[in-house]
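Report on one structure; see the data block that follows.
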Amino acid sequence: MKYPISFHLNGKIVSLEVSTQETLLDALRQRLGLTGAKEACNEGNCGACTVLLNSAPVYACMVLAVEVDGSAVETVEGMEGEELHPLQKALIDQHGLQCGYCSPGILLTAQALLAHNSRPNKTQIREALAGNLCRCTGYTDIIKAVQVASRARR
Amino acid sequence: MTRKTLLVGKTFPRIEAEAKVTGQSRYWLDLPPATNTLYVGLVTSTRPHARILGIDTAPALQHEGVEAVLTAEHISGMLGNMLCDRPILAAHTVRYVGEPVALVLARSPAAAHSAAALVQVRYDDLPVAITADESLLPDAPILHPEFSAYQGAAALGGGDLPNVAARFTMTAGDLEAGWAQADVIIEQQYHTSVRHHAALERHGASARQKADGTLILWASTAAPYALRKEISRALGIDAQRLRVTCARVGGGIGAKSRTSIEALVVAAAMAYPGYTVHLELQQSGEFTSVFVRPALSAYLKMGVTRQGEIVAMQARYAWDVGASADACLETVWSAAYAGTGPYRIPHVAIDSEAVYTNHTPAAPMRGNDMAEVHWAIEQHIDQLAAAIDMDPVAFRLHNIVKGGDRLALGQIMHVTGLDQCLQKVTAAIDWQRRPDDRPSMARGKGLALFWSPTTVAPDHSAEACARFDDDGCTIAIDNEDAGTGLHTFVAQLAATELGLPLDWVQVSPVDTAQGLQYPQRKATAEVCSVGNAVLMAVRRLKVHLVQQVAAAWNESPNHIDIIDGIVISHATERQQALDEMFRAGIATAAGPSFLRPLEARGYATPSPFFASDDPEIASILYFCAGAAAAEVEVNRTTGEVKVLQLAAAVDVGHAINPDLVLSQMKGGALQGLGAALWENLIYKDGVPINPDLYNYHVAMFTDLPAQLFAHIVEVPQEGGPYGARSLAADVPVLVAPAVANAVAQAVGLRLTRMPITAETVWRFLREN
Ligand code: FES
Ligand code: FES
């Protein structure tokens, strides 16, 4: 059984037919060709697939595509404007990435944090990002990047 | 006159950083889907050890969309570099839960998945041994009865005991005389846990046989050349027939430089020409069907004099390598030849052995797993110091190996910054200030030193290729950068040599079609060989370039140089930008003279510091050294251990990109912390009970210690590119024993088994 859905994806309306078992992650990656959201555990354990659903971070591997009908979804591909988003720039400059597999998810979670708390302290950053694993960097530089970006935005 | 800009020793963002943060980077799973694909549903063993009585494939074959079910009847071969002891598909016996038994090939992932569940394997269970200690018992099951027939088995000193695949020993002096000199002798057994590399990206591979019979493999690997070598040998095909390419690697942590499931898809593609055979591991498969990290059971006996002189050491390192030993051979070898730790000890006998057990084959994680060895040694050193009432810092300083000392190996040690590292970490956590206990909270500080041999295969050499055209300079090496910063390192070396801005240099995705020649068995991820090969390639490239310009300008090549991308004649002060030369030709009086695209290759075979008498195994290029210190707080009621401060220092020779080195160190330190406190793949009756990222604890944002210090020490490495020795990826080594020592100081008890969980501490506090 296929259901037609339409939603805002990075500001543009998209419509497609999805099956009931299809996850948002599969719809984004396989149907819409947006591979920025990463597939890692695929079971809601790591946060690599994080996207924003109506401005809140969600694990796209744990959301069914039918659920996003009428909603707004943002992925890492929509972060850049004319230039890199301050969070992207700070993540590069502060060396908050190694293999980079966690980066898109972390960027979106951090973006949601900054949207409602423009000056988060370290503890708030850690807690907001607790659902995003990074095996490589040891987190310190990611936290620094979020702080730098929050200053750049003000 | 303009000065040449040095791009080494300076921090730059990783060269591929922007592509990664914008989501543009393509990892294996992001590659566009191929047409005509057969998806693999992997059937894996549910038993840790059993004979296969039969496989019923009929129900799966009837499933809609299923093309075939392949078993060991169709695919055979043994994987391995030095020791071919890993069947591509289990034939008559399974030796671990997760071992591939059959492949369902189907038209859709869903069909592959549901049909795989229909394949019925009948087993006859065999007794199970899950730790090295169990496998060494006299009545232990024998895992590889046909061991002596395996290719490579004869050279490894194994086979003397039933489950021992390899044995290396190192002796020096006279142990009996050593014990006689000692005033205090301490014996102790230590254990580390089976851990998982847990890179975020799972393993996957796809392969296709083209009409001309050639094969192409796309895999989530950092080492395409090494894979090509191993797979072509295992399948008995000419290496030139197989092309291996990779995409970005979403973390390797040691598990993406070795071969496992990739051979399966190549074999299946050979059986189904024209189809792309596609295999993606699911999360539990990633934990059980590829690699885990080896565990160590270490017995140590060391003797010390009242004056604080370590005089004798006996060690038996029994490595639990899982069902295949091949990927761990250098680890086992290193533990023998570097198994004293960074200490000067005159009388030594070390025995290091690879022991088969019934779990997923092990592969080292970041470096040679000297972490496990130091878990034992550094705790033992603290116990020795305490026994003779000596400060652990003073005791270590008194006994560490210094440049010029004769090692137990017989070699004279080169200079390292080990003492500086120790100084840095003790200063960082204010070692002298005793931590203040609270009634319910005990605090303690601990430290650890380490050294780790950089090993190479004896027939080791590296090749690099550098090309110049109007896209700038492109370097090809044999290793993908799985996150270590290797490619940025290489680009910085090349840009410095050529006098180019960094963004003119790219490192191409690794592809065996680039045709680099690697006689050696393993990938050359270490900086010395790769770096020197790149330096030679770009130096040659520069000579060609300068010659062309000199000819066009009618000048001597000796006067021509490239600075910041501008070609300059020091004799005539004539200059022209290099990119313009490529675009519009070299400006001469007679009109433009066009530059030919240039290519040059470079090679390096660094001479080893120590060549063993096991010519088949490895040699040591040099030692990397470092130190760590930790302050912990232990909750006396719950047993919970909290790390308040953690400091690590590593002598990297020369930090070509300091911030990237620090980033490696911080990441490594947190992995080491995870090893000390949480990470443990638990087996119950041989079955892993926590094979996923929810139940297997990888450090999270909230686990970060309040203070984490990383320090670079630089004592240049002779023969290293610009003095570089390491990218510091092996730092996890340091941290775990420092944490253990801090816990021991805090609560006055020693937990010799990794990890030190709240539960173990709580039990111990209750019982003592
Ligand atoms: S891939 Fe979605 S949480 Fe891991
Ligand atoms: S950079 Fe590799 S997982 Fe975060």
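Naming: A, B, ... by sequence-line order, numbering from 1 per chain. These numbers come from the heavy atoms of this one structure, side chains and all, not from hydrogens, waters or symmetry mates.
No part of Arg248(B) comes within reach of chain A, as not one of its non-hydrogen atoms sits under 4.5 angstrom from that chain. Only the side chain of Glu80(A) comes within contact range of chain B, with heavy atoms under 4.5 Å apart. With a 4.5 angstrom heavy-atom cutoff, Ile253(B) touches chain A only via side-chain atoms. Residue contact with chain A, scored on non-hydrogen atoms closer than 4.5 Å, involves the side chain of Thr11(B) exclusively. When heavy atoms are compared at a cutoff of 4.5 Å, Glu280(B) approaches chain A solely by way of its side chain, counted from C-beta outward. With a 4.5 angstrom heavy-atom cutoff, Thr22(B) touches chain A via backbone and side-chain atoms both. Contact of Ala482(B) with chain A is made through the backbone alone, with heavy-atom distances under 4.5 Å. Heavy-atom distances place the side chain of Tyr27(B), and not its backbone, under 4.5 Å from chain A. Proximity to chain B (any heavy atom under 4.5 Å) is restricted, for Lys38(A), to the side chain, taken from C-beta onward. Proximity to chain B is absent for every atom of Leu34(A), based on heavy atoms less than 4.5 angstrom apart. If you measure heavy-atom distances from Leu107(A) to chain B, the contacts under 4.5 Å come from the side chain alone. Neither the backbone nor the side chain of Ala110(B) comes within contact range of chain A; no heavy atom of the residue lies under 4.5 Å from a heavy atom of that chain. Contacts of Leu708(B) with chain A are made by side-chain atoms alone, with heavy-atom separations under 4.5 Å and no backbone atom involved.
Here the CG-CD distance, from Leu97(A) to Glu16(B), works out to 7.0 Å after rounding to the nearest 0.5 Å. Separation of atoms CZ (Phe701(B)) and SG (Cys134(A)) is listed at 7.0 Å; rounding is to 0.5 Å. For the atom pair CG of Asp692(B) and CG of Asn42(A), the computed distance is 12.5 Å after rounding to the nearest 0.5 Å. With rounding to the nearest 0.5 Å, the separation of SG in Cys102(A) from NZ in Lys20(B) is 10.0 Å. Taken from CG in Asn657(B) to NE2 in His95(A), the straight-line distance is 6.5 Å, to the nearest 0.5 Å.
The two atoms that bring Pro13(B) and Asp93(A) nearest to each other are CG-OD1, 4.4 Å, heavy atoms only. The two residues Val249(B) and Cys99(A) make their nearest non-hydrogen contact at O-CB, 3.5 Å. Residues Val76(A) and Gly23(B) share a closest heavy-atom pair of CG1-CA, 3.8 Å. The minimum heavy-atom distance linking Arg29(A) with Leu29(B) is given by the pair NH2-O, 3.1 Å. Residues Asn45(A) and Gln283(B) share a closest heavy-atom pair of ND2-NE2, 3.2 Å. The two residues Tyr101(A) and Leu200(B) come nearest to each other via the heavy atoms CD2-CB, 3.7 Å.
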Dump the intermediate steps for side-chain hydrogen bond (donor to acceptor under 3.5 Å, both in side chains) on Gln664(B) and Gln98(A), then the final yes or no. CA-CA 8 Å; Gln664(B) 289 299 310; Gln98(A) 289 179 19; 3.1 Å; yes
Show your reasoning for whether side chain to side chain contact (heavy atoms under 4.5 Å, CB included) applies to Tyr139(A) and Thr702(B). CA-CA 9 Å; Tyr139(A) 301 119; Thr702(B) 38; over 6 Å; no
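The 12-atom threshold is exceeded at NZ of Lys144(A), counting heavy atoms of other residues, nucleotides or ligands nearer than 6.0 Å. Atom NE2 of His697(B) is surrounded by more than 12 heavy atoms from other residues, nucleotides or ligands within 6.0 Å.
In terms of heavy-atom pairs under 4.5 Å with chain A, the best-connected choice from Leu704(B), Leu670(B), Val698(B) is Leu704(B). Note: Ala40(A) leads Gly33(A), Gly36(A), Ala40(A) in heavy-atom pairs under 4.5 Å with chain B. Most heavy-atom pairs under 4.5 Å with chain A, from the set Ala199(B), Gly252(B), Ala699(B): that is Ala699(B). Most heavy-atom pairs under 4.5 Å with chain A: of the set Ala19(B), Gly251(B), Ala198(B), Ser284(B), this distinction falls to Ala198(B).
Between Glu77(A) and Gln24(B), the side chains place no donor N or O within less than 3.5 Å of an acceptor N or O (distance only, hydrogens not considered).
The pair Glu43(A)-Arg202(B) does not meet the salt-bridge criterion, since no charged nitrogen lies less than 4.0 angstrom from a carboxylate oxygen.
Judged by distance alone, with hydrogens and angles left aside, the side-chain atoms of Arg135(A) form a donor-acceptor pair with the main-chain N or O of His197(B) at under 3.5 Å.
You'll find the side chain of Lys666(B) stays beyond 4.5 Å of the side chain of Thr137(A), heavy atoms only.
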